[in-house]
Amino acid sequence: MWTADESPEDTPRRLISASWRRSLEAGIDPETRSAPLVYDTSHIDDVRGAHPLRPLLPLLAGTLTTMAESSANIAIITDVHGNILWRDGNRAIMRRADSVGLADGHLWAEGAVGTNGIGTALADRRPVHVYSEEHLMRALHIWSCSAAPIIDPDTGDVLGAIDISGTTPSLHPATVALVGATAKLAESQLTIRMLESDDLLRRRFELLRDHDNVLVTATGRVIAGDPSGDLGDRLNLPQPGEQLTLPDGRAVLLEPFHGGYVLRPAAECGPPALRLAFLGDGAPTAYTGGRELTLSLRHAEILAILALHPHGLTAEQLCYYLYGDAGNPVTIRAEIHRLRAQLGGTVGAKPYRLSSPVEADFVELRSLLAGGDAAAVARAYPGPLLPRSESPEIRRARDELEVQVRARLLRNGGPEDLWIYAQTPNGRDDLQILERLSTTLPTTDPRAITARIRLHSP
């Protein structure tokens, strides 16, 4: 065994020598018996589902499992950090692999277990075969492994690795060529998906018919609107809604567009409009720049309060409206920071306000209540404003809207309008509404029958 301060004289390959040096400098103990577990197996499905390779897992799993089972080995797919996302293969070999952590949820980076096929392939960004004693950990000396990294064709970043591992007599060094070819297969599939996504984005972009705009992907690749190529292949993107100066000197704003971004001349456009759908039992949702965002209740409460106070609020005022006397302005500032990360330049500061044009269903309902069209009010009211909210300001606005809608429909609404309201959470068991329906509709009308049933239900 040699130390980090010594030069290995008997190490067969420069690649392995460099890996051992990195591993020892990282403090890896060669007597370590197993890779660490970083993901509980009960959570591994969630981890897989969030990984960029998830759509390719069936293809890779089928290819690798056939390869592993035919040679009495095991096949493995990891993320970029070396965490095992998936494993399959020979059952007897998998049982032996469990003892060293070659199993779902374990970490095989060089910095965790030293020189090994997975960790070294990820570190060197190339296919690697690590044989027996080339492993730093002595517990791995009965194992050999061939691994190859998978490179994202969009960003050039490593996404993960694929690996075939087995006990020494069963794994031929030529296996490294097979895993390398499988990694290239994955990269080709990723390239096809990327090109298909680019093509769909371009077709949608062409409908804008605005030749002053530039289209970029979510990762900043320029894919339309730059026929001369002056902007290069990729741009470093700011937050949505923020200004960017292009290499040719133009000032543009970044606007979300169907999973990518459109760069519009800053002098010609403001931030994208913000549409809020907060009435009824559905999840609170925001629409901006072609995106649909499902919001947390807290973020929805903040946006609703800011929409109700268009001139803006201080952190202390917003805190009071959200939490009452028990609030802490520091909490508000942290929530605003997270909300900006999700919505870009939509939320302004000093005071906190919505800096984009706002269209909110509850604000539009207020306008309809000021008019005389009861039918429009009924259609615009699917239910209470953020019904799960306990914010003092939201509760006040919610109760006010409910009372006004009910009063308007009882005063001016016809049977159709009352029936629509009777489908809302509060209208369903409203005795006065149900009595009006049962007496104004024909006796045999199904809606009158339903109203009578509800009236007499316990």
Side-chain angles (χ1 to χ4, degrees), residues 272-310 318 321-323 335 339 342-343 346-347 354 356-437 446-447 450-451 453-455 457:
L274 178 66
R275 168 76 183 172
L276 305 177
F278 289 174
L279 293 175
D281 288 332
T285 305
Y287 305 86
T288 180
R291 294 184 300 162
E292 176 180 332
L293 302 171
T294 300
L295 302 170
S296 69
L297 178 59
R298 182 61 71 212
H299 286 173
E301 289 171 332
I302 291 173
L303 292 174
I305 291 172
L306 293 178
L308 292 169
H309 297 271
L318 183 53
Y321 285 140
L322 270 173
Y323 303 108
E335 290 290 355
L339 190 55
Q342 192 173 16
L343 293 176
T346 296
V347 181
L354 296 179
S356 297
V358 179
E359 302 173 4
D361 52 5
F362 55 95
V363 174
E364 294 171 1
L365 178 62
R366 279 184 161 187
S367 299
L368 292 172
L369 286 165
D373 190 344
V377 169
R379 290 192 300 268
Y381 189 67
L385 170 64
L386 297 178
R388 294 188 297 113
S389 174
E390 295 297 326
S391 155
E393 181 70 355
I394 299 297
R395 290 173 65 181
R396 182 198 62 78
R398 180 171 64 220
D399 293 345
E400 180 182 283
L401 286 173
E402 182 75 37
V403 168
Q404 290 181 353
V405 167
R406 182 179 183 276
R408 171 57 56 85
L409 296 180
L410 283 170
R411 185 170 62 250
N412 303 117
E416 295 286 344
D417 309 323
L418 295 171
W419 177 250
I420 291 174
Y421 179 74
Q423 310 316 304
T424 66
N426 291 329
R428 179 176 180 81
D429 299 313
D430 189 306
L431 297 181
Q432 193 172 358
I433 295 290
L434 295 175
E435 287 174 354
R436 183 76 62 85
L437 285 168
R447 294 168 296 179
T450 301
I453 291 172
R454 292 184 189 175
L455 277 169
S457 295

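Please read all numbers here as calculations on a predicted model, not as lab measurements.
In this structure, CD on E402 lies 10.0 Å from CG on L279, to the nearest 0.5 angstrom. Taking CG from L409 and CH2 from W419, the interatomic distance works out to 14.5 Å, rounded to the nearest 0.5 Å. Taking OG from S367 and CZ from F362, the interatomic distance works out to 11.5 Å, rounded to the nearest 0.5 Å. From L418, atom CG reaches atom CZ of R406 across 10.0 Å, with rounding to the nearest 0.5 Å.
Between A277 and Y287 the shortest heavy-atom distance is CB-CE1, 4.3 Å.
Inspection of the S391 and E301 side chains reveals no N or O donor paired with an N or O acceptor under 3.5 Å.
For the pair P425/D281, a side-chain contact is recorded, criterion being any heavy-atom separation below 4.5 Å from C-beta on. Between L369 and L401, some side-chain heavy-atom pair lies under the 4.5 Å cut-off. No side-chain heavy atom of T294 sits under 4.5 Å from any side-chain heavy atom of P284. Taking 4.5 Å as the limit, some side-chain heavy atom of L455 sits within range of a side-chain heavy atom of L431.
In this structure, the side chain of R395 does not engage the main chain of P387 through any donor-acceptor pair within 3.5 Å. A donor-acceptor pair is defined here as one N or O able to donate and one able to accept, closer than 3.5 Å; such a pair exists between the side chain of T424 and the backbone of Y421. A side-chain donor-acceptor contact under 3.5 Å links R436 to the backbone of L410. In this structure a side-chain-to-backbone donor-acceptor pair under 3.5 Å is present from R454 to A422. Proximity of a side-chain donor or acceptor of D417 to a complementary backbone N or O of G414 within less than 3.5 Å is detected. Formation of a donor-acceptor pair under 3.5 Å by the R408 side chain with backbone atoms of A378 is not found in this model.
In this structure, R388 places its CZ atom where only 12 or fewer heavy-atom neighbours from other residues, nucleotides or ligands lie under 6.0 Å away.
The list of salt bridge (charged side-chain N to carboxylate O under 4.0 Å, His left out) pairs with a residue in residues 357-366, not counting sequence neighbours, reads R275-E364, R366-E400.
Applying the side chain to side chain contact (heavy atoms under 4.5 Å, CB included) test between I302 and each of L322, L295, L354, L297 identifies L322 as the sole match.
Here A451 pairs with L434, L437, S438 under the side-chain contact (heavy atoms from CB on, under 4.5 Å) rule; sequence neighbours left out.
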